[in-house]
Amino acid sequence: MKIAFVGKGGSGKTTLSSLFIRRLAAHRVPVIAVDADINQHLGAALGLDETEAAALPAMGAHLPLIKDYLRGTNPRIASADTMIKTTPPGKGSRLLRVDEDNPVYAACARTVGLDEGTSVRLMATGPFTESDLGVACYHSKVGAVELCLNHLVDGPGEYVVVDMTAGSDSFASGMFTRFDMTFLVAEPTRKGVSVYRQYKEYARDFGICLRVVGNKVQGQDDLDFLRDEVGDDLLTTFGHSDWVRAMEKGRPPLFELLEGANHQALAALHEAADASYERRDWHRYTRQMVHFHLKNAESWGNAKTGADLAAQVDPAFVLGERMPATPQPA
């Protein structure tokens, strides 16, 4: 399952995504965690100290390696230099799986130990630094994540959980269509639900599965407000957590000591995410991939690469779980 956590800045999406990742790890579910936020805090939320978090390799810095590996023997891609963030796989492309070892994970992922011998693989886009100002766009860093998601074949009981950048930035490309489930974290305030309205509007024509997770809900009035604003899209809510406060101080207790009500809320997220598998449509997923690739090719990709990127589309190719990860004969 490919899961996104989105929401406005300060909504708690990184905290809730880290709790969900911890739940998956506690249930021995294969999971890759991806920090795709412009502010890189997922590593710290998973227990890394500042030095360890700063030492995480940046996916954006390894983009040439990622492109070269995923290109494989695909004859429609003349060189890795002509690949952009939306380049779709085709016959001969290499594909990624959650529970495997490959050069992309070796370069970009690091294992983070959690409770009682559990662990997750953590990948990060890399921070947006002062040196990037005026010369780089954050979407160029997130592009490494999008390219990997385009080449990922994941099955039931396997998870990639992405902590997305705040607000509605993911709509700058087709990345918002890459997920089986999008959890939108919203506080019970007018500003808290404003991003929900944006997502709901943008996602309407793309079959996006969107559920709202209320955070910092302190009483019945907060709950009633969220129900009035988002209706049946409200999945569950999280309240105050002494466990989270201790985690934010760098002293997280054992995960099993998280408050019972918040454990129940995480169980609701897990159940909803698992149920999204039944709605998976690889043909639609591939069509949307091609749709956004052609849009990006026409608007800027062809000019940037000097190539006709529409020619990269393999019309007979449909991504699917049964495909081998190694290149298919051209």
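For the single chain, residues carry numbers from 1 onward in sequence order. No experiment lies behind these values; they were computed from the predicted model shown.
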Cluster overlap [X] with [Y], hydrophobic side-chain contacts below 4.5 Å:
| X | Y | answer |
| --- | --- | --- |
| Leu46 | Met123 | no |
| Leu266 | Leu234 | no |
| Val290 | Ile84 | no |

Under 3.5 Å donor-acceptor, [X] side chain and [Y] backbone:
| X | Y | value |
| --- | --- | --- |
| Asn296 | Lys85 | no |
| Asp35 | Leu42 | yes |
| Thr286 | Trp282 | yes |
| Asn262 | Leu258 | no |
| His27 | Arg23 | yes |
| Lys67 | Met83 | yes |
| Asp68 | Pro64 | no |
| Arg71 | Ala78 | yes |
| Asn150 | Pro89 | no |

Separation between [atom1] of [X] and [atom2] of [Y], rounded to the nearest 0.5 Å:
| X | Y | atom1 | atom2 | answer |
| --- | --- | --- | --- | --- |
| Glu229 | Arg197 | CD | CZ | 4.5 Å |
| Leu16 | Asn215 | CG | CG | 4.5 Å |
| Ile3 | Ser17 | CD1 | OG | 12.0 Å |
| Thr14 | Gln40 | OG1 | CD | 9.5 Å |
| Glu146 | Met175 | CD | CE | 6.5 Å |
| His291 | Phe206 | NE2 | CZ | 4.5 Å |

Sole residue of Leu235, Val161, Leu210, Val212 in side chain to side chain contact (heavy atoms under 4.5 Å, CB included) with Phe183: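 Among Leu235, Val161, Leu210, Val212, the one that satisfies the side chain to side chain contact (heavy atoms under 4.5 Å, CB included) with Phe183 is Leu235.
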In terms of side-chain heavy atoms, does [X] have a donor or acceptor partner in [Y] at a distance below 3.5 Å?
| X | Y | answer |
| --- | --- | --- |
| Gln220 | Asp224 | yes |
| His151 | Arg94 | no |
| Gln264 | Thr236 | no |
| Asp180 | Tyr285 | no |
| Gln312 | Thr87 | yes |

Quick one, [X] and [Y] - any side-chain contact, counting heavy atoms below 4.5 Å?
| X | Y | value |
| --- | --- | --- |
| Val217 | Leu226 | yes |
| Leu223 | Thr237 | yes |
| Val160 | Val162 | yes |

Using salt bridge (Lys or Arg N to Asp or Glu O under 4.0 Å), reason through Arg121 and Asp101 one step at a time and then give a plain yes or no. CA-CA 11 Å; Arg121 278 172 166 165; Asp101 295 316; 2.5 Å; yes
Should Cys148 and Val104 be marked as a side chain to side chain contact (heavy atoms under 4.5 Å, CB included) after you check the CA-CA gap, both sets of side-chain angles, and the distance that decides it? CA-CA 9 Å; Cys148 286; Val104 173; 4.2 Å; yes
Between Phe5 and Phe20, is the gap from one ring center to the other below 6.0 Å?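 Under 6.0 Å, so yes.
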For Leu319 and Met289, run side chain to side chain contact (heavy atoms under 4.5 Å, CB included): C-alpha distance rounded to whole Å, both residues' side-chain angles, the deciding distance at 0.1 Å, then the answer. CA-CA 10 Å; Leu319 196 64; Met289 191 190 314; 4.2 Å; yes
Take Val120 and Thr111 through the test side chain to side chain contact (heavy atoms under 4.5 Å, CB included) and record every step on the way to the result. CA-CA 6 Å; Val120 299; Thr111 299; over 6 Å; no
Indicate the ring-plane relationship of Phe255 and Trp243, choosing parallel, tilted or perpendicular according to the 30° and 60° boundaries.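 Phe255 and Trp243: perpendicular rings.
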Taking the basic N atoms (NZ, or NE/NH1/NH2) and the acidic carboxylate oxygens, is any pair closer than 4.0 Å for [X] and [Y]?
| X | Y | value |
| --- | --- | --- |
| Arg110 | Glu52 | no |
| Asp233 | Arg211 | no |
| Arg97 | Glu158 | no |

Side chain to side chain contact (heavy atoms under 4.5 Å, CB included) evaluation trace for Tyr202 with Ile208: CA-CA 9 Å; Tyr202 291 148; Ile208 305 303; over 6 Å; no
Salt bridge (Lys or Arg N to Asp or Glu O under 4.0 Å) assessment of Asp37 paired with Lys13: CA-CA 10 Å; Asp37 196 350; Lys13 66 178 181 59; 3.0 Å; yes
Taking atom CD of Glu248 as the centre, does the number of heavy atoms from other residues, nucleotides or ligands within less than 6.0 Å exceed 12?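 Enclosed.
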Set of residues satisfying side-chain hydrogen bond (donor to acceptor under 3.5 Å, both in side chains) with respect to His240, sequence neighbours excluded: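 Checked His240 against side-chain hydrogen bond (donor to acceptor under 3.5 Å, both in side chains); matches are Asp242.
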